[in-house]
Amino acid sequence: MDVMGDKATLFETGRFVQPSGQDEVGEAAEDAAEEIRQRLAAEAGDVEAMSVLGAMLLRRGDLDGAEPHLRAATAAGDRAAANNLGVLLHQRGYADEAAGWWRIAAVAGSAAAAHALGRHHRERGDEPAAEYWLRQSAEQGHALGAYALADLLEHRGDAGAERWMRAAAERGHREAAYRLARALDRRAAHEAEAVADADGGAAATEEAEQWYRQAAARGHRRAALHLGAILEKRGELKEAGRWYLTSAKDGEARAACALGFLLRDAGDTESAAVWWLRAAQDGDGNAANALGALHAERGEPQTAERWYRAAMDAGDDNGAYNLGLLCAEQGRTAQAEQWYRRAAYAGHREAANALAILLLQGGDATGAEPWFSKAAEAGSVDAAFNLGILFAGRGEEPVALRWYERAASAGHTEAALQVGIARLRDGDEREAERHLRCAAGRGSAEAAYRLATVLDARRPPQPAHELGESVHEKSECEEWYERAASQGHRRAQVRVGMLAAARGDVVEAARWYREAAEAGSRNGAFNLGLLLAREGSEPEAAVWWTRAADAGHGRAALRLALVYARRGELAEGQRWADRAVTLGPGEVAERAARLRDALRQELSA
């Protein structure tokens, strides 16, 4: 409740800065001298001095000393004394008598008394009376009255709450500033969701930040936490860290946890661990999980398990999920399943997905499906993709495609690839291209290769070029081939080599053929051999054709048969011709059979 009177206004905040040393002694002496002056004036009948003296004694906790002075000043018509007498009686436990004096002061125009009286009526459940007196206080510019009125109206869902919350915030009420910022934050999120635009609600977000900043500057630790989060999201990490630190030092566990993550990202894991420990000891489950992960990375599974259990005890379902992951890594499948189930039953979608994978690996596809479904319905993109795999494995392609599309729409790269492949199979090239572009853009080498083949099929025939004649222009399809090739896609590497050869760029063609061949591509080895043979390096070409033929390439085997036949090594030539007949394809088998028969006749002649 409020205390009125000269030098008594700080009582309502309940926060005093205690001086020290000589300043404390000096201020104590000054206060004592002031009290003596007010006491002498009060004894001489000065009503204002009685009121001020009573307020001073009340602030000091001397209720017995304050009461006679406040009663005397009240009897003389001092409204501040009437309010303070109400505060005194309220502290003694005489709430109804206190309300009587507050009413007298409020009717006389005391905004502080109107606020106290409004609070009294709200505590009694009389909201109409509470609203009346709180409105009286608020309309007189009393910050606490405005805040209490806003709180009452907000509780009732009244749209006028924001006006009074703003009024209180503008008058320096830090909790009002914080709550106004929270309301603006929620509005910004709603506006962004309504227009499906991350920039929606930008004005509300900007204003929210201003109020967070005002509340944080006045020592509001949760406001400092939210301000830090806004700054971190914007990339202003240094200032974000300062506000997290301010909030954490004031005892906000979430800020200590956030500061830990900021320090970890900066490479200072030791300092991060200190703040996570502080937050975890204050009951922050996220910090306990972070400590668990840190110890797991250090190869300390027992300590990691202890912190994961602490997170779980703090109500964080990630603790059970992480325990499941830890047990799975150690090969403790039964325990992993137990922890996954616990987290999954609590609604942890990734735990449900992990449980389903565990069951599927154990051969229980029937048991896995409902958990995949539960996880997918809860928003797990991986679970939606896994359902696609599950149904595709059963031959239920339409159902599989629906789940792939759901995962793809949420940004799953492999799912977008699968949708693209399915659309190509159905002949819907436009949709296929759209999904392949999404997957390729997110880094899928296979999607980049398949997209390139789609674009390649549309290209008009290119003019032929002699080997060694360099042509620098590249089509979009070649750019996608190259992107896939640079990611190690062997078929793309072969195709890039072929396109380079078609442009006359022998060096580039040889580079890509060689890279594909060394990665195990039989086509790459065969084409490299062709290129080397054309350049006059038939012995080296034979080395690569041998590698290709050993990997099952019929044309390479036929080339080797011809090489050995020209060299006069008829038996070796016949052996490779036999190999070519076996490997095919038909045209190659036919030519190889004729060659084999000719070599056989030559050998028997």
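Here, residue 1 is the first one in the sequence, and each next residue gets the next number.
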Any ion pair linking [Y] and [X] (charged N to carboxylate O, less than 4.0 Å)?
| X | Y | result |
| --- | --- | --- |
| R166 | E170 | no |
| R254 | E252 | yes |
| R242 | E236 | no |
| E131 | R122 | no |
| R92 | D64 | yes |
| R234 | E239 | no |
| R402 | E405 | no |
| E377 | R406 | yes |
| E162 | R179 | no |

Of all heavy-atom pairs between [X] and [Y], which one has the smallest distance, and what is that distance?
| X | Y | value |
| --- | --- | --- |
| A408 | A415 | N-CB, 3.6 Å |
| N83 | A113 | OD1-CA, 3.2 Å |
| R119 | A148 | CD-CB, 4.3 Å |
| A73 | A81 | CB-CB, 3.5 Å |
| R171 | G141 | CD-O, 3.3 Å |
| S51 | A80 | OG-CB, 4.1 Å |

Surrounding CZ of R342 (heavy atoms of other residues, nucleotides or ligands, distance under 6.0 Å), is the total greater than 12?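 Open.
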Hey, could you give me the [atom1]/[atom2] distance between [X] and [Y], rounded to the nearest 0.5 Å?
| X | Y | atom1 | atom2 | answer |
| --- | --- | --- | --- | --- |
| Y308 | L291 | OH | CG | 10.0 Å |
| Q210 | L180 | CD | CG | 10.5 Å |
| N289 | D316 | CG | CG | 4.5 Å |
| M50 | R39 | CE | CZ | 12.5 Å |
| S137 | W164 | OG | CH2 | 9.5 Å |
| T413 | Q418 | OG1 | CD | 12.0 Å |

Would a distance-only check, ignoring hydrogens and angles, find a side-chain to backbone donor-acceptor pair under 3.5 Å from [X] to [Y]?
| X | Y | value |
| --- | --- | --- |
| Q487 | G443 | yes |
| S110 | A105 | no |
| R264 | T269 | no |
| R349 | K374 | no |
| N386 | D382 | yes |

Pick out which of L57, L88, L70 makes a side chain to side chain contact (heavy atoms under 4.5 Å, CB included) with L63.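 Among L57, L88, L70, the one meeting side chain to side chain contact (heavy atoms under 4.5 Å, CB included) with L63 is L88.
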Please determine whether side-chain contact (heavy atoms from CB on, under 4.5 Å) holds for the pair R124 and D96, giving the CA-CA distance in whole Å, both sets of side-chain angles, and the decisive distance to 0.1 Å. CA-CA 10 Å; R124 293 295 187 276; D96 291 335; 3.7 Å; yes
Can you classify the ring geometry of [X] versus [Y] as parallel (below 30°), tilted (30 to 60°) or perpendicular (above 60°)?
| X | Y | result |
| --- | --- | --- |
| Y147 | H173 | parallel |
| F261 | W276 | perpendicular |
| Y178 | H226 | tilted |

Residues N318, N286; criterion side-chain contact (heavy atoms from CB on, under 4.5 Å); working and verdict: CA-CA 8 Å; N318 280 314; N286 195 23; 5.5 Å; no
Under the criterion salt bridge (Lys or Arg N to Asp or Glu O under 4.0 Å), which of R221, R218, R182, R222 is the partner of E175?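 Per the salt bridge (Lys or Arg N to Asp or Glu O under 4.0 Å) rule, the option paired with E175 is R222, out of R221, R218, R182, R222.
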Taking the six-membered ring where the residue is Trp, are the ring centres of [X] and [Y] under 6.0 Å apart?
| X | Y | answer |
| --- | --- | --- |
| H115 | W102 | no |
| Y94 | W101 | no |
| W403 | F372 | no |

Looking just at side-chain N and O atoms, do S444 and E414 make a donor-acceptor pair shorter than 3.5 Å?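 No - no donor-acceptor pair under 3.5 Å links their side chains.
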Take R71 and E97 through the test salt bridge (charged side-chain N to carboxylate O under 4.0 Å, His left out) and record every step on the way to the result. CA-CA 13 Å; R71 286 191 180 276; E97 187 179 353; 3.2 Å; yes
Show, in sequence, the C-alpha distance, side-chain angles and deciding distance for R306 and R309, and conclude whether the side-chain contact (heavy atoms from CB on, under 4.5 Å) test is met. CA-CA 5 Å; R306 179 167 63 84; R309 287 180 181 273; 5.8 Å; no
Take E35 and R60, measure what side-chain contact (heavy atoms from CB on, under 4.5 Å) needs, and give me the verdict at the end. CA-CA 12 Å; E35 183 180 331; R60 200 166 66 201; 2.5 Å; yes
